[in-house]
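Just below is one structure, and these are the notes that go with it.
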Amino acid sequence: MKPNSGLLVKLLSISKLRKSYGATIALNDASLDLNAGETLALMGENGAGKSTLIKILAGTVAPDGGEIHIDGQSVKLTTPILAHRLGLRFIHQELNVINSLSVAENIFLGRRYPQRFGLVNWKELHAQTQACLERIGIRHISTEHRLSKLSVGDRMLVKIAAAFLDDPAAPARIFIMDEPTAALASEESERLFKVIGELKRKGCGIIYVSHRLDEVLAIADRISVLRDGAVKAELKTSIATKSTLIEAMIGRDHVEAQQSLSPVLSESIILSVDHLNAPGLRDVSFDLHAGEILGVVGLAGSGPELLIKGLINKTNAGIVSLNGQPVMIREPADAWKLGIAIAPRERRSEGLLLMQDIASNVALPHLNKFSRLRIFLSQILQAAVAEKMGVRVRLKARNPQQKVRELSGGNQQKVMFARAVAGDPRALLLDEPTRGVDVGAKYDIYALLREIAATGVGILVVSSDYEEIIHLCSRIAIFRGGRLVDIVMNSGMTEQALLALCYGERQEQQA
């Protein structure tokens, strides 16, 4: 039956799904339905149960109870292979790619290679990969490229494309997408949204997980909100608003901080950058004042994403001064020693040791402070500091010995903030500080940054979220073509006006 026939065709039904890890309840009688030809957004704070539900559907975690039906038939998803055979496909926010392999080899990870005379048919392998890429409008990536040579966004596009590889024996019908646009630029995201539209027209169903409210309201048909392991709200997108979604997710009225910091700047300058030249950056100069949150924005590829790495790159040229004194920064360790804390964009690959515990991660750049006689590390002191900093950043964890990989994305981000504030920094350099975190954790981070700024710390925030920049920052630096072209006061700024500045419209109007 076609999805546009006027009758709903139920592809997937989940009823009273339960899962506990010891005393921790991950899912508590969670129930939802997915119809053919629709996008169902699955939303909730980190720790609400979304990841557990996805793992059960993927066949990697066994539920403690409940029912799953596909096409009306009860199924037990005991392995990923079985989930694949039943038509389920998964796109996760973690890349899970092998950088040393080619695009084609990554597309076929876990799949049988095309064969000819008992050997790998490389021509057919690349042909199928090319068709797979073109299905989502990707024509700028060669199937022979090594993943290590691609940007993070392009690597995510390859990962997404793999979900669309044809398998005649097990046609894809249900797509589960977990934060698929977290590492994508706006034009790349739009490409994915067009593919989602095509899938819906073909009668596929999509479960779409995202913390981006505007994105969800734009592409979803319905929204299921998980809280405390159960579906607490079912909303039609046509009548949902940001406020109703936020309140459904956090279970209480929220007060969203709409005002940026005071536009009155301190005369004290914490960090001064003069004529910085680094890969992708040309002649960048700015001052970061004490107690200021300075936002950095620009269109994709215009330079903001390179700024923090450029500041700590051994090949950079220019003058960086801290409290009026020129300093030499050639690597992150130099910055930490000077009291400049860094939170990188890719927390899982660049910021955290996932297999280590919270205490070890918090202590990492401060090891000299946690050692006795500069020889023996004090585990007790590490744990005590991690505990104290965890309270300050509102970290939700069992104890400082919990492994970071066990934490939700928002709480992993808070571990990086705990590390940053543990050293009493003079300046904070933050690259996409709330990427991939839920709305509750986002507000916690906003409150924390305001508290830190109030102590006189200078904070630089690079973000592609214009709403975030407007809410947080007293001034905004605009990048175009690898140059910092303007710094504007955040007074009455709107997202539309900020986007116009990034495109250079104000300069054209003044001319």
Side-chain angles (χ1 to χ4, degrees), residues 39-54 90-95 152-153 156 160 176-186 188-189 192-193 196 206-220 222-229 231-233 235 237 240-252 254 256-257 343 345-348 351 393-396 407-417 430-449 461-472 495:
T39 299
L40 172 68
L42 182 63
M43 304 193 71
E45 291 189 89
N46 287 315
K50 304 186 302 296
S51 295
T52 300
L53 190 149
I54 291 172
F90 297 85
I91 298 170
H92 301 286
Q93 59 177 311
E94 290 81 23
L95 284 172
V152 173
M156 178 55 78
I160 290 171
I176 294 91
M177 302 184 180
D178 185 7
E179 297 285 355
T181 62
L184 301 184
S186 58
E188 294 168 335
S189 297
L192 175 62
F193 299 156
I196 290 174
I206 299 97
I207 294 178
Y208 194 90
V209 179
S210 177
H211 295 310
R212 298 182 175 182
L213 302 185
D214 289 327
E215 191 172 280
V216 165
L217 292 172
I219 70 169
R222 292 188 299 121
I223 303 168
S224 288
V225 178
L226 270 175
R227 192 173 73 248
D228 300 326
V231 176
K232 297 292 187 179
L235 305 169
T237 311
T241 65
K242 286 186 180 181
S243 292
T244 57
L245 279 178
I246 293 169
E247 289 171 15
M249 283 190 284
I250 65 179
R252 61 186 186 276
H254 75 286
E256 184 175 355
R345 175 173 302 211
E346 300 298 328
R347 61 174 176 262
R348 297 176 68 89
V393 303
R394 302 176 180 88
L395 176 65
K396 296 178 182 177
L407 302 177
S408 65
N411 283 305
Q412 289 180 355
Q413 194 79 351
K414 289 180 180 180
V415 170
M416 288 210 302
F417 280 104
L430 310 177
D431 198 347
E432 299 287 356
T434 63
R435 168 180 282 181
V437 306
D438 66 73
V439 67
K442 181 177 289 190
Y443 291 156
D444 284 346
I445 290 171
Y446 289 171
L448 174 66
L449 293 181
V461 175
V462 177
S463 177
S464 56
D465 186 336
Y466 291 176
E467 183 179 39
E468 176 170 275
I469 289 290
I470 292 169
H471 288 177
L472 271 179
E495 292 182 62

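The figures that follow rest on heavy atoms only: side chains count, while hydrogens, waters and symmetry mates do not. Numbering of residues begins at 1 and proceeds along the displayed sequence.
Residues L217 and I223 meet the side-chain proximity criterion, which asks for heavy atoms closer than 4.5 Å. For the pair Y446 and T434, the minimum side-chain heavy-atom distance is below 4.5 Å. Inter-residue side-chain proximity for I91 and D178 is flagged as unmet; no heavy-atom pair is nearer than 4.5 Å. Using a 4.5 Å heavy-atom cutoff, the side chains of D444 and K414 are in contact. V216 has its side chain within reach of M43: a pair of non-hydrogen atoms, C-beta onward, lies under 4.5 Å apart. Considering only heavy atoms from C-beta on, K442 comes within 4.5 Å of D465 through its side chain. In this structure the side chain of R227 never reaches within 4.5 angstrom of the side chain of M249, judged on heavy atoms. Here the side chains of L40 and I206 are not in contact, with every heavy-atom distance at 4.5 Å or above.
Checked against side-chain hydrogen bond (donor to acceptor under 3.5 Å, both in side chains), D214 has the following partners two or more places apart in sequence or in another chain: K242. For T39, there are no side-chain hydrogen bond (donor to acceptor under 3.5 Å, both in side chains) partners two or more places apart in sequence or in a different chain. Residues that satisfy the side-chain contact (heavy atoms from CB on, under 4.5 Å) test with S464, not counting sequence neighbours, are E432. For E215, the side-chain contact (heavy atoms from CB on, under 4.5 Å) partners two or more places apart in sequence, or in a different chain, are T181, F193, Y208, S210, R212. Qualifying side-chain hydrogen bond (donor to acceptor under 3.5 Å, both in side chains) partners for T52, counting only residues two or more places apart in sequence or in other chains: none. In this structure, the side-chain hydrogen bond (donor to acceptor under 3.5 Å, both in side chains) partners of R435, at least two apart in sequence or on a different chain, are E346.
Closest non-hydrogen pair, M156 versus P180, comes out as CG-O, 3.6 Å. Between S224 and V231, the shortest heavy-atom contact is CB-CG1, 4.3 Å. Here the closest heavy-atom approach between residue I445 and residue Q413 is recorded as CD1-CG, 4.0 Å. Minimum interatomic distance between N411 and R394 (heavy atoms only, all atoms of both residues): OD1-O, 4.3 Å. Closest heavy-atom contact between L226 and G49: CD1-C, 3.7 Å.
Of the inter-residue distances, the one linking T237 atom OG1 with I219 atom CD1 reads 9.5 Å to the nearest 0.5 angstrom. Expressed to the nearest 0.5 Å, how far CZ of F417 lies from CG of L430 amounts to 5.0 Å. Atom OH of Y443 is separated from atom NE2 of H471 by 7.5 Å, given to the nearest 0.5 angstrom. The CD1 atom of I160 sits 8.5 Å away from atom CD of E188, with the distance rounded to the nearest 0.5 Å.
Side chain of E468 to backbone of S463: no donor-acceptor contact under 3.5 angstrom is found.
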